[in-house]
Amino acid sequence: MAGFLKVLLRNVLEGPSTDPFPLGKTFTPERLRGRARVDPELCMGCGICRNSCTAGAINITPLDDGSGYTITIWQNSCCLCASCRHYCPTGAMSITNDWHSAHPEEEKFNRLERHTIKYEPCAGCGTLIRPVPASLARRLYAATPEIDPEKIRRLCPQCRRQEDASRNAGVISPTTTETVAARELTSAAPTTY
Amino acid sequence: MSLDKTLKKLSVRSPWLFRINAGSCNGCDVELATTACIPRYDVERFGCRYCGSPRHADVVLITGPLTTKVRDRVLRVWHEIPNPKITVAVGICPISGGVFREGYSIEGPIDRYLPVDVNVPGCPPRPQAILEGVVLARSIWLKKLGLEE
Ligand code: SF4
Ligand code: SF4
Ligand code: SF4
């Protein structure tokens, strides 16, 4: 009897433990994994997220005219594993804590995170490329202050190599004039399948 | 309001839920049990309760990607539920096949076989999302009965 009264008193004082949702507010943990988002400023179209996606929810399709690509995440296939976020090299992929997922059947194929990202011409030769995101370029070239990240990030790999060679040409002097003997192979011949 | 509608409105009871496991990994079923049994979520606040027989159900919650083995049984049970019924696909499995899509024993997504009304994706969806889905299913159910615009 006393136990019952104790429980009653506690319930009267503390109120019910039921979450008022959906009639009232609910709590959302900061790190809850909900909808995946792509930052179109940072995405390079490298495809690592697509390859690591457990549920095959990500699609990357080049545009017909080759001027860019479209990245799509279908929320109705995403299993919220966050492996895309983990492997994305630029930090473009993020998992928000938006968990409101219930929807009527008519919206089934509308629940997409989709961005069409256009290539830009290389500052050197004009070939269409996706420039390295500024933040990533700053991080990549942090140890070499003589390279301007803002400039090099807009160069295609070929022009970047030429730029690198011309920069080094004045710095590195040849140490030897002898021709280097062919090196002996130590590994086995590659397997053919 | 017509007499017919008034009678209908008076006689309509809360939607009862029925759960079908179409080969799920049990993750979604645990969340469904959580929604029903844990006082914090308590789906019975909306008058919904899980019933043991498909013939008493109004809203059917399906989890799992519909495996070959279970397909015919799921369909048989689903057809036993009286109309108008609302089908809710819980988790990405029944909606798109999810992580099991294109598996050798997977017949889903479930809307190849059944008309689905509400989807609640997630792997598994959190209980609040399931509650949202049940509330949405309830309003569609009332619409089907002609009691809500
Ligand atoms: S989101 Fe990240 S991993 Fe995916 S294509 Fe873009 S840069 Fe690559
Ligand atoms: S969270 Fe997982 S399932 Fe979802 S898009 Fe990323 S890798 Fe794919
Ligand atoms: S959606 Fe995820 S948690 Fe739910 S049954 Fe499928 S695999 Fe399991």
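Just so it is clear, the structure is predicted and the values come from calculations on it, not from any experiment. Every chain is numbered from 1, with letters handed out A, B, ... down the list of sequences.
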Most chain A-contacting option - heavy-atom pairs closer than 4.5 Å, from B:V120, B:V90, B:D42, B:I130: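 Between B:V120, B:V90, B:D42, B:I130, the count favours B:V120.
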Sidechain-backbone polar pair: [X] side chain, [Y] backbone, donor-acceptor under 3.5 Å:
X: A:K108; Y: B:N119; answer: no
X: B:R101; Y: A:A55; answer: yes
X: A:S77; Y: B:S96; answer: no
X: B:R40; Y: A:S17; answer: no

Which answer fits A:C79, side chain, backbone, both or neither, if we ask what part of it has an atom under 4.5 Å from a heavy atom of chain B? both
When A:A57, A:P104, A:G34 are compared by non-hydrogen pairs under 4.5 Å with chain B, the top option: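 Option with the top pair count is A:P104.
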Picking from A:C53, A:C78, A:C81, which has the most non-hydrogen pairs under 4.5 angstrom with chain B?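 Counting heavy-atom pairs under 4.5 Å, the top option is A:C78.
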Engaged part of B:I95 at the chain A interface, taking heavy atoms whose separation is under 4.5 Å: both
Can you tell me how far apart [atom1] ([X]) and [atom2] ([Y]) are? Round to the nearest 0.5 Å.
X: A:E105; Y: B:I86; atom1: CD; atom2: CD1; value: 12.0 Å
X: A:T26; Y: B:L131; atom1: OG1; atom2: CG; value: 8.5 Å
X: B:R126; Y: A:S101; atom1: CZ; atom2: OG; value: 10.5 Å
X: A:F27; Y: B:Q128; atom1: CZ; atom2: CD; value: 5.0 Å

Tell me whether [X] shares a hydrophobic cluster with [Y], the cluster being built from Ile, Leu, Val, Met, Phe, Trp, Tyr side chains joined at under 4.5 Å.
X: B:V88; Y: B:Y50; answer: yes
X: A:V132; Y: A:I71; answer: no
X: A:I147; Y: A:L155; answer: yes
X: B:F100; Y: B:V116; answer: no

When every non-hydrogen atom of A:L80 is compared with those of B:C123, the smallest separation belongs to CD1-N, 3.8 Å
Can you name the closest pair of heavy atoms from A:R111 and B:P121 and give their distance? NH1-CG, 3.5 Å
Determine whether B:V118 and A:H103 satisfy the following criterion, side-chain contact (heavy atoms from CB on, under 4.5 Å), listing intermediate values before the conclusion. CA-CA 6 Å; B:V118 177; A:H103 59 278; over 6 Å; no
Is it the case that the side chains of A:T18 and B:R45 hold a donor-acceptor pair, with the cut-off being a distance below 3.5 Å and no angle test? no
